[in-house]
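Notes for the one structure printed next.
All ligand and atom numbering here is 1-based and tracks the order in the structure. In what follows, residues are counted from 1 in the order of the sequence shown.
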Amino acid sequence: MEKKRILSGMRPTGRLHLGNLVGALSNWRALQDDYQCFFMVADYHALMSEYEKPVGLFDNTREVVLDWIACGLDPERSVIFRQSDVPAHAELHLVLSCYTPLGWLERCPTYKEQMQQITERDLTNYAFLGYPCLQAADIILYQAHVVPVGEDQLPHLELAREIVRRFNNLVGRQVFPEPQGKLTQSPRLLGLDRRKMSKSYGNQIDIADDEETVSKKIMTMITDPLRVRLKDPGHPDDCNVCQWYKVFSPAEYDAIADQCRNSKWGCTDCKKRLAAVVNELLAEPRAKRKVLAADPDAVEKILTRGAEQARARAAETMREVFSLTGLGKKP
Ligand code: ATP
Ligand code: MG
């Protein structure tokens, strides 16, 4: 039986961070055997917000793929490709934009949040509003059933389902499956400043950070604001450092929380231990990344092969879309 398909992507806006790892990448790695997976470097999606300084996309694409392979994605089992190498993404985006009411896009909570939070760049452009519409096209092109993402992407997926439903209804056939999101145990990791960890907020720890950088960054993390002195009882539920133990070393969490609550140790010791935990977790990806990065052609080879596989699958879908929508020559 043919395996069900997965599509997911990440934007080449910088190196990947722990949020990307625990919120999405860990699931991607785990699902490779059970699904046919398409993993995409979403450079069109990045351009929507990075258009003022776009050249970084080339180098960041390489960084993203290095991080992926370092964390266990396998180009032999999964199709790893760059969105702009498959022109059908742009084509289907245009088709779906015909089926997408403006109000749906304007009401999207992620859009509203980013317009509020990101002030140093002008995101009032036409394309950025249509982000979820391109995302729907990405998913439909591979007729993916499952989309493993972090929690911030769920509103986009909800919109993608609505667009699919509308398209299916208007063409009169249930052609495309309604894509379902798949979350990990940690779908929203907070960053050093307690906002969602994000490349755009500069509050992240990168997968490729060296040991010293990781330790330094963890020392700057905001802890429990109510615990001023060592003798004050801590509130692990309100402390991001303690919460990170739940994610990165769950077996230790109860003991850590007890030490915090009963003032048995201070926040500095708690952070030092956390730095050791995170550094241990990153040791293997760091080593793997180094080996792959030493080969200047490795990433492009992976992307070239992935693009061929992705284009073939996307072309089948586009033939169907053309015939259903009356585009092109009458079949
Ligand atoms: P940008 O600021 O450029 O949007 P980002 O850090 O939000 O970058 P994306 O490329 O948008 O990263 O997201 C890639 C994947 O990682 C998505 O599935 C997203 O939901 C997930 N993700 C991003 N940040 C987090 C986080 N803090 N916790 C859990 N998952 C996350
Ligand atoms: Mg994001």
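Within the listing of ligand 1, atoms 29 (C), 30 (N) sit less than 4.0 angstrom from a heavy atom of G23. Of all atoms in ligand 1, listed by their number and element, those nearer than 4.0 Å to a heavy atom of M197 are 24 (N), 25 (C), 26 (C), 27 (N). Of all atoms in ligand 1, numbered sequentially from 1 with element shown, those under 4.0 Å from a heavy atom of T13 are 3 (O). Ligand 1 places these atoms under 4.0 Å from at least one heavy atom of L189: 26 (C), 27 (N), 28 (N), 29 (C).
In this structure the side chain of C260 reaches within 4.5 angstrom of the side chain of R227, judged on heavy atoms. Contact of the S200 side chain with the T13 side chain is not registered, since no non-hydrogen atoms from C-beta on lie closer than 4.5 Å. Taking 4.5 Å as the limit, every side-chain heavy atom of C267 sits out of range of all side-chain heavy atoms of V241.
Looking at Y131 next to ligand 1, no N or O pair under 3.5 Å apart turns up. Checking only distances, P148 never comes within under 3.5 Å of ligand 1, N or O to N or O. In terms of polar-atom proximity, Q153 is not counted as a contact of ligand 1, lacking any N or O under 3.5 Å from an N or O of the ligand. At least one N or O atom of D152 sits closer than 3.5 Å to an N or O atom of ligand 1. Close N/O approach between Q114 and ligand 1 is not found [any backbone or side-chain N/O within under 3.5 Å]. Between V149 and ligand 1, a contact under 3.5 Å exists for no N or O pair. Geometrically, ligand 1 and K196 share a nitrogen or oxygen pair separated by less than 3.5 Å. Between H17 and ligand 1, at least one pair of N/O atoms sits closer than 3.5 Å. Inclusion of G19 in the set of residues having an N or O under 3.5 Å from an N or O of ligand 1 is warranted.
A salt bridge does not link R121 with E52: every distance from a Lys NZ or Arg NE/NH1/NH2 to an Asp or Glu carboxylate oxygen is 4.0 Å or more. In summary, R77 and D33 engage in a salt bridge, as defined by a charged side-chain N under 4.0 Å from a carboxylate O. Salt-bridge formation is not detected for the pair E308/R305: no Lys NZ or Arg NE/NH1/NH2 atom is positioned less than 4.0 Å from an Asp or Glu carboxylate oxygen. A salt bridge is defined here as a Lys NZ or Arg NE, NH1 or NH2 lying under 4.0 Å from an Asp or Glu carboxylate O, and E50 with K53 fails to meet this definition. Residues E212 and K216 are paired through a salt bridge, judged by an N-O separation under 4.0 Å between the basic side chain and the carboxylate.
In terms of protein heavy-atom proximity, atom 4 (O) of ligand 1 is nearest to R11 NE, 3.3 Å. When hydrogens are left out, the protein atom nearest atom 2 (O) of ligand 1 is S200 OG, 2.3 Å; that is the closest non-hydrogen contact. Of the protein's heavy atoms, K199 CE, 3.3 Å lies nearest to atom 8 (O) of ligand 1. When hydrogens are left out, the protein atom nearest atom 13 (O) of ligand 1 is N20 ND2, 3.6 Å; that is the closest non-hydrogen contact.
A donor-acceptor contact closer than 3.5 angstrom links the side chains of Q135 and Q153. Between S49 and R11, the side chains place a donor N or O and an acceptor N or O closer than 3.5 Å (distance only, hydrogens not considered).
At a heavy-atom distance under 4.0 Å, only backbone atoms of R188 (N, CA, C or O) approach ligand 1. The proximity of A24 to ligand 1, defined as any non-hydrogen pair under 4.0 Å, is limited to the side chain.
By the 30° and 60° cut-offs, the orientation of the rings of W265 relative to Y245 is tilted.
By the 6.0 Å and 45° rule, R195 stacks over the aromatic ring of Y201.
H45 does not count as a contact of ligand 1, since none of its heavy atoms falls under 4.0 Å from the ligand.
One option in G191, P187, G150 has a heavy atom closer to atom 29 (C) of ligand 1 than any other, and that option is P187.
Only one option out of R15, R62, R289, K199 pairs with D67 in a salt bridge (Lys or Arg N to Asp or Glu O under 4.0 Å); it is R289.
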